[in-house]
Every structure is written in structure tokens, then in C-alpha cells.
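Scroll down for the structure; my scribbles are underneath it.
Here is how names work: the chains are called A, B, and so on, in the same order as the sequence lines, proteins then strands, and each is numbered from 1.
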There are 2 protein chains.
Amino acid sequence: MYNGTFEPAAESKPIRDVAYERLKHAIITGELPAGSRIVETVYAEQLHISRTPLREALRKLERDGLVEYVLRHGVVVRAFTVADIEEIFTIRNAMMMLILPSVIERVSDKDIAELRVLLSEMDVAQKEEDCDALASFNRAFHSKIEHLTDKKRILRVIDDQEEYITRFSAVTIASIVRRSKAHQEHHEMVDLLEKRDLDGLEKLMSHHLDESKMTCLAAVANRK
Amino acid sequence: MYNGTFEPAAESKPIRDVAYERLKHAIITGELPAGSRIVETVYAEQLHISRTPLREALRKLERDGLVEYVLRHGVVVRAFTVADIEEIFTIRNAMMMLILPSVIERVSDKDIAELRVLLSEMDVAQKEEDCDALASFNRAFHSKIEHLTDKKRILRVIDDQEEYITRFSAVTIASIVRRSKAHQEHHEMVDLLEKRDLDGLEKLMSHHLDESKMTCLAAVANRK
DNA sequence: TTATTCAGGATTGGATACATTGTACAATTT
DNA sequence: AAATTGTACAATGTATCCAATCCTGAATAA
């Protein structure tokens with residue numbers, strides 16, 4: 001009888017997925033700015049992999065719309081215009097309204113308790129003005145709420161769109177005024193969730209996303 | 001002086017894209033039913049290509065959500081549940097409402113004339129009960145209207161969702177009652193477009209998509 | 001009979017080699 | 001000098017090769 005421990009069975013992701021995530025992260029954070037050309041041989045070498053898995057990763061990024069494939073020229077990181085940001089938030093807002101009923105319906109007291117824990121961590125980050133921490137907490141907070149839905153496909157659309165704007169989240173959070181207001185709204189959201197107040201949550205969330213969009217647009221416009 | 005004709009410069013797509021489209025088509029039409037395993041060597045041979053481009057095509061399908069990747073087992077065609085169809089139509093409807101204002105704003109008399117040409121072709125197909133032709137005309141009709149918008153990202157979401165339900169369009173059109181009603185509504189849509197009646201178009205489109213959803217759901221439920 | 005082991009084939013993961021295409025720039029021609 | 005051609009280099013497109021893993025099923029042991 002085998003009495004040892006089970007090895008995690010080398011549940012390693014394929015290397016192509018590692019490459020995919022690394023590249024995606026680089027694009028989203030702006031490390032790879034729009035217009036950058038991704039030359040296969042260069043990045044294969046840099047990631048210490050061969051071209052085959054790297055190319056598979058590029059094909060995924062292509063379908064994500066993060067890079068553009070130019071016939072026989074390879075891929076180039078795509079640019080984001082103000083119109084893009086506008087649309088992304090529009091989509092996100094509309095999709096959010098579609099899932100909120102199911103979120104209210106499915107949220108448990110345990111979920112709310114967990115959200116409150118997150119909020120208290122965010123309180124600290126807010127007080128200490130730790131924008132990096134706040135950015136990732138924000139994302140976790142919204143993600144947690146969204147994932148309460150059972151509408152997998154709508155959720156996927158939201159997730160996709162959010163990925164696009166992650167690259168701007170740092171910029172958005174830099175605004176002190178908005179940061180404090182948003183933080184307050186996050187608290188209100190959990191209160192409304194606890195009360196199962198769909199109407200109130202819809203209004204607040206819609207407002208919250210609109211404000212976020214405005215700040216984002218302003219920040220991006222300023223940067224130019 | 002060169003006086004001949006210009007060759008189309010062999011603007012051939014990469015083989016991986018051909019493979020991608022072929023496989024996508026096979027999945028969408030149901031030729032490759034849900035649950036089918038796609039073995040790389042088998043399909044590479046069948047398409048007379050090597051595994052490399054085929055794998056790139058599979059990675060695209062993976063991001064499309066049409067196939068599922070199982071660790072070290074390759075890809076399997078994903079199944080569609082009733083809930084999926086429900087969500088797909090919900091997304092499509094919501095996104096449609098978001099672009100209609102821009103559609104009304106941008107539609108030209110030339111566009112309307114072209115839509116009427118399409119409609120007259122659809123009249124014939126409708127009269128002759130040529131469901132295949134009607135299915136592709138339907139798609140072309142809706143596609144033409146949607147593409148009048150300048151909201152590229154929202155359009156992309158719509159297109160993505162529509163791709164998913166293409167596999168059911170034949171089923172939907174099979175319903176004689178719905179077919180005739182839908183055909184009539186298509187005529188009304190162009191009338192409303194011509195009048196630039198946003199309100200009317202929103203109502204009609206929303207109703208149209210709802211009816212389409214119902215028929216689709218009924219057809220799929222029956223098939224089991 | 002039933003459980004187990006182990007060999008062999010099948011399949012995916014990844015790397016490498018070769019082919020094709022495109023680009024840059026120098027050489028040449030007008 | 002301007003335009004054109006040619007050539008070398010660089011990058012992508014595709015095929016093939018090898019390794020690692022998984023599955024199957026026969027052979028064997030309990």
C-alpha cells in the first residue's frame with residue numbers, strides 16, 4: 001500500500017499559458033506600450049521558451065484583442081483610444097445591471113462577512129494612501145461581487161472588459177478626491193447588499209462606474 | 001510598360017486562420033457536436049497541414065469559448081445549455097440597445113436602399129421557403145444593421161454572441177409561424193430606420209430578439 | 001474471478017529545423 | 001541625383017522531431 005504523500009502531479013500549466021499571462025500582464029500594465037512590436041524570437045528567448053508555445057500565446061492575445069496581427073509582420077500591441085474606454089465602461093455598466101438581480105439573490109451572509117473583511121483591509125490601505133494595494137483590493141472587491149452571479153457568460157464579458165481597463169486603474173486611483181468617494185461607495189454597496197436592496201444597489205453601482213469612467217477618461221486625457 | 005493585370009498579390013491568410021475558420025464552422029454548424037474530442041494529429045492530417053498551425057487555431061477557439069482545454073488531454077467541443085442560450089440573447093439584446101442610437105444617427109439613404117434590396121431577396125426566399133437562404137440572409141440583414149454603428153467594441157461583443165447562436169439559427173427558422181412574423185418585422189425595421197424612429201426601433205428590435213430567443217429555446221428544448 | 005502491474009501505443013508539450021516572405025540598404029543604371 | 005535592382009539579413013510560416021504523459025489492455029498474481 002502506498003503510504004507517502006501525493007505529489008501535486010505536476011499540475012503545471014502549459015508553458016504557453018504562462019507566456020500568455022506574462023505577456024498579457026505586460027500589456028495591461030503598460031510595460032509593453034501600445035505600438036510595441038512583439039517579435040517572436042526576441043520574446044521566446046527572453047522567456048526561455050521556444051517559439052511554438054509563444055506563438056500559441058500570441059494567438060490567444062490576438063483573440064483577446066490586445067494585440068493586432070499584421071499579415072507576415074507579426075503582432076503589435078493595440079492602442080486604446082478615449083472612445084475605447086468609453087465603450088468599455090458602457091459595456092461593463094450594462095452587463096453589471098444584468099447580473100445584479102442574481103447577485104442580490106445569491107449573496108450569503110458569509111459573502112457579506114468576507115466583503116467586510118476586505119473593506120477593513122481597504123480602510124487601512126486608504127488611510128495609508130497605499131495606492132498599489134488599494135488598486136488590487138478594488139479589483140478584488142468588485143470581482144468578488146460580480147462573481148456572486150450565476151450568469152457565467154455575462155460575467156465573462158465583464159471580466160474581459162475589466163481586463164482592458166486594469167491598465168488604467170492606477171491612474172484612476174491616483175485621484176485623491178475620487179479615491180475617498182469611491183471608498184465610501186464601496187462601504188455603501190455592502191450595506192445595500194446586506195439589505196438585499198436591488199434598486200439601491202443598481203443606482204449606486206451605475207453611479208460608481210460612471211464616476212470611475214469619468215476619472216479614467218480625465219486621467220487618460222491629461223496624460224497626453 | 002507593364003500592361004497586364006495585377007495578380008491579387010497572393011494575399012493568402014495564414015493556414016492557421018483557414019484551419020480556425022474551418023473548425024469554427026464545423027463546431028457552429030454542429031458537424032462537430034458538443035463533446036467531440038479534437039485530436040491534433042487527426043485534424044492536421046485531415047486538413048493537410050502540420051500540427052503547428054492547427055494548434056494555433058485551437059488556441060483561438062479556446063479563447064472563443066467554443067472548445068475546452070483539458071490538461072494533457074487536448075481540446076473538447078463545449079456544450080451549450082439552455083442557460084447559455086438565455087444569457088447569449090440577454091447580452092445581445094442589451095448590447096443592441098446600446099448601439100441603436102448610433103445606428104439611427106449614422107444610417108444613410110444608401111444603407112436603407114441596400115437593406116431594401118436585401119429585403120426583396122428575402123421576400124423570394126420566404127416565398128419559396130428556402131430556409132438555408134433565409135438563414136444566411138437573416139444573418140446578413142442583422143449584421144448590416146449592427147455594423148452601421150461606430151461602437152466597435154460593443155459590436156464585437158454582439159458579433160461574438162451571435163456566432164454562438166448561429167448553430168441554432170436553422171432550427172429557429174424552421175418554425176413557420178415565427179419565420180413569417182420575423183420576416184414582417186424585418187420590413188418594419190427598415191421602415192423605422194428610414195423614419196429615424198429610435199424609440200420604435202428599440203421596441204421592435206427588443207421584441208424581435210425576445211421572440212427569436214423563445215423560438216430558439218423551444219426548438220432546442222424539443223430536440224432533446 | 002478480481003485486482004495489479006507493466007508494456008506499448010497514442011497524444012500532447014515543446015524545441016528545432018527548414019522554407020517563405022519582407023525589409024533595408026548598397027550597388028548600379030538612367 | 002533619382003530610380004531601380006539585387007542581395008543579405010531578419011522575421012514569420014510550416015513541418016518535423018523528441019520527450020513526457022496518459023490510456024489501454026494483456027499478463028500475472030492473489
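Judged purely by distance below 3.5 Å, without hydrogens or angles, the side chains of A:T81 and A:D84 pair a donor atom with an acceptor atom. A donor-acceptor contact closer than 3.5 angstrom links the side chains of B:D111 and B:S108.
An OP1 or OP2 oxygen of D:dC22 is reached within less than 4.0 angstrom by a side-chain nitrogen or oxygen of B:R72. Remark: A:Y69 is not in phosphate contact with D:dA11, judged by side-chain N or O atoms under 4.0 Å from OP1 or OP2.
Between B:Q161 and A:V157 there is a side-chain heavy-atom pair separated by less than 4.5 Å.
Using a cutoff of 4.0 Å between basic side-chain nitrogens and carboxylate oxygens, A:K152 and B:E87 are not scored as salt-bridged.
Contacts of B:E129 classified as salt bridge (Lys or Arg N to Asp or Glu O under 4.0 Å), with partners at least two apart in sequence or in another chain: B:R179. Here B:R22 pairs with nothing under the salt bridge (Lys or Arg N to Asp or Glu O under 4.0 Å) rule; sequence neighbours left out. Taking B:A140 as the reference, B:L118 meet the side chain to side chain contact (heavy atoms under 4.5 Å, CB included) condition, with sequence neighbours excluded.
Sorted by residue number, the members of residues 43-61 of chain B with any non-hydrogen atom under 4.0 Å from DNA chain D read B:I49, B:S50, B:R51, B:T52, B:P53.
Sequence order on DNA chain C of the closest nucleotides to A:H73 and A:R16 puts A:R16 first from the 5' end.
For residues 130-157 of chain B, the set of pairs meeting the ring-ring contact (aromatic ring centres under 6.0 Å, His included) definition, not counting sequence neighbours, comprises B:F141-B:H186, B:H142-B:H186, B:H142-B:H208.
Between chain A and DNA chain C, the heavy-atom contact criterion of under 4.0 Å yields a 5' to 3' nucleotide range of C:dG13 to C:dT23.
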